[in-house]
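Here the structure comes first, spelled out in structure tokens, and everything after it is commentary.
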Protein chains: 2
Amino acid sequence: MKLKSFEHFNCSLAQTLSVIGEHWNMLIIRDAFFGLRRFDQFQKNLGIARNVLSDRLKKLVKAGVLAKSDGPGHAEYRLTQKGLALQPIMIAMTHWGDTYMPHPEGKRLTFIDRANGKPIKTVGVYSADGKLLKPKEIMTKTGPGLRDEQA
Amino acid sequence: MKLKSFEHFNCSLAQTLSVIGEHWNMLIIRDAFFGLRRFDQFQKNLGIARNVLSDRLKKLVKAGVLAKSDGPGHAEYRLTQKGLALQPIMIAMTHWGDTYMPHPEGKRLTFIDRANGKPIKTVGVYSADGKLLKPKEIMTKTGPGLRDEQA
DNA sequence: AATTTAAGTTTTATAATAAGACTATACTGA
DNA sequence: TCAGTATAGTCTTATTATAAAACTTAAATT
């Protein structure tokens, strides 16, 4: 049957998944972070079927993550502000894969602070005063946008 | 045709997606963070079809994200260390959804430091000395685990 | 022994995906 | 100008994945 969409959950995580949760989307977004902008660049780099890429780019534009513009003789897709804001997610996911599903020869990619060439801090959960928190040191509080539906 | 799996990409992000990228997986993991442990708890809370839940729990156990144990008269699924390490991703995704696809009445969930009741810092990318970095202030360096395949 | 609870599996109809062929449009060089 | 090429798609077909509900199995309860 139809793949259940998460859009109608009143849940911030499900909302996010409705945009980036589809197969390929996060890899397309990563490629956009690495500077790819054109249909065929994405297609060749990922090996994605053209119709699927076409559909995903359309959806990502509609969701406001990418913006389409006309370059000289070709279309261009660039990350919007909303798309750029996905960077912590992208980096956290890359870091988790590097740590828990490592390549035998070592790290694949390191993210660097352009200003000083030093690696960035591990993406993690930090307390207001900057201490790295462990999973069980964190709890949740419900806000006005949530009644007794799902979190 | 067969859904292309990302397992064989030499890419940390694709590796992560091969574990958490499937439909429902991240919501199952979130529910596990919120303390759910049993088949029917997940099933009822998410409204997921039973066969799909069965398959996903099996895969998450196989991937080492959840561990299955026998409780009194029922099975239990708990996050492993590897699963707990997904928390920054989960929180970053929740935060993005809250910011860019907000509920009209306000925040749905806030994450709190258990020690002092204060909200955690925004999950983001920080420099070695603790400054919040903008997307374009970050670059990447390839490591030994990466030849000239994809990032 | 019969009922209930829990955790799945099976079945069936529908929807999504991959692969490659095909199309439309604009640019390029002779 | 006109053939050729690059780019960005769309269309077709076969296959695979999903959802929903009914069914099964096993243990605990009454």
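Note on naming: letters A, B, ... go to the chains in the order of the sequence lines (proteins, then strands), and numbering restarts at 1 for each one.
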OG1 (A/T110) and CG (B/L146) are apart, to the nearest 0.5 Å, by 10.0 Å
Atom CD of B/E22 and atom P of D/dA19 are separated, to the nearest Å, by 11 Å
B/K59 NZ to D/dT18 P, in whole Å, measures 6 Å
Exercise for the section: State whether the side chain of A/K4 and the backbone N or O of B/G47 hold a donor-acceptor pair below 3.5 Å, judged by distance alone. Expected result: yes
Between CG of B/D70 and C1' of D/dA26 the distance, given in whole Å, is 12 Å
Here the distance between atom C1' of D/dA21 and atom NZ of A/K4, to the nearest Å, is 13 Å
Electrostatic pair A/D31:A/R38 at N-O distance under 4.0 angstrom: no
In whole angstroms, the gap separating P of C/dA7 from CG of B/L46 amounts to 15 Å
### Task
Look at the aromatic rings of A/H23 and B/F6 and report parallel, tilted or perpendicular, splitting at 30° and 60°.
parallel
Taken to the nearest 0.5 Å, the spacing of B/R30 CZ from A/C11 SG works out to 4.0 Å
The bend of the helix from C/dA1-D/dT30 to C/dA30-D/dT1, taken between the axes of its five terminal pairs at each end and rounded to 10°, is 10°
(message) Using only atom types and a distance under 3.5 Å, with no angle test, would you say the side chain of A/S5 pairs donor to acceptor with the backbone of A/E7?
(response) yes
Contacts of A/D113 meeting salt bridge (Lys or Arg N to Asp or Glu O under 4.0 Å) (sequence neighbours excluded), chain-then-number -> none
B/S/- along nucleotides 4-10 of chain D (protein heavy atoms under 4.0 Å) is ---SBBB
B/N25 atom CG is separated from D/dT18 atom C1', nearest whole Å, by 14 Å
note: A/Q43, atom CD; C/dA19, atom P; distance rounded to Å ~ 10 Å
Phosphate OP1/OP2 of D/dT18: any B/W24 side-chain N/O under 4.0 Å:
no
_Tell me whether A/L84 shares a hydrophobic cluster with A/I120, the cluster being built from Ile, Leu, Val, Met, Phe, Trp, Tyr side chains joined at under 4.5 Å._
yes
Nearest heavy-atom approach of A/L17 to B/M26 is CD1-CB, 3.9 Å
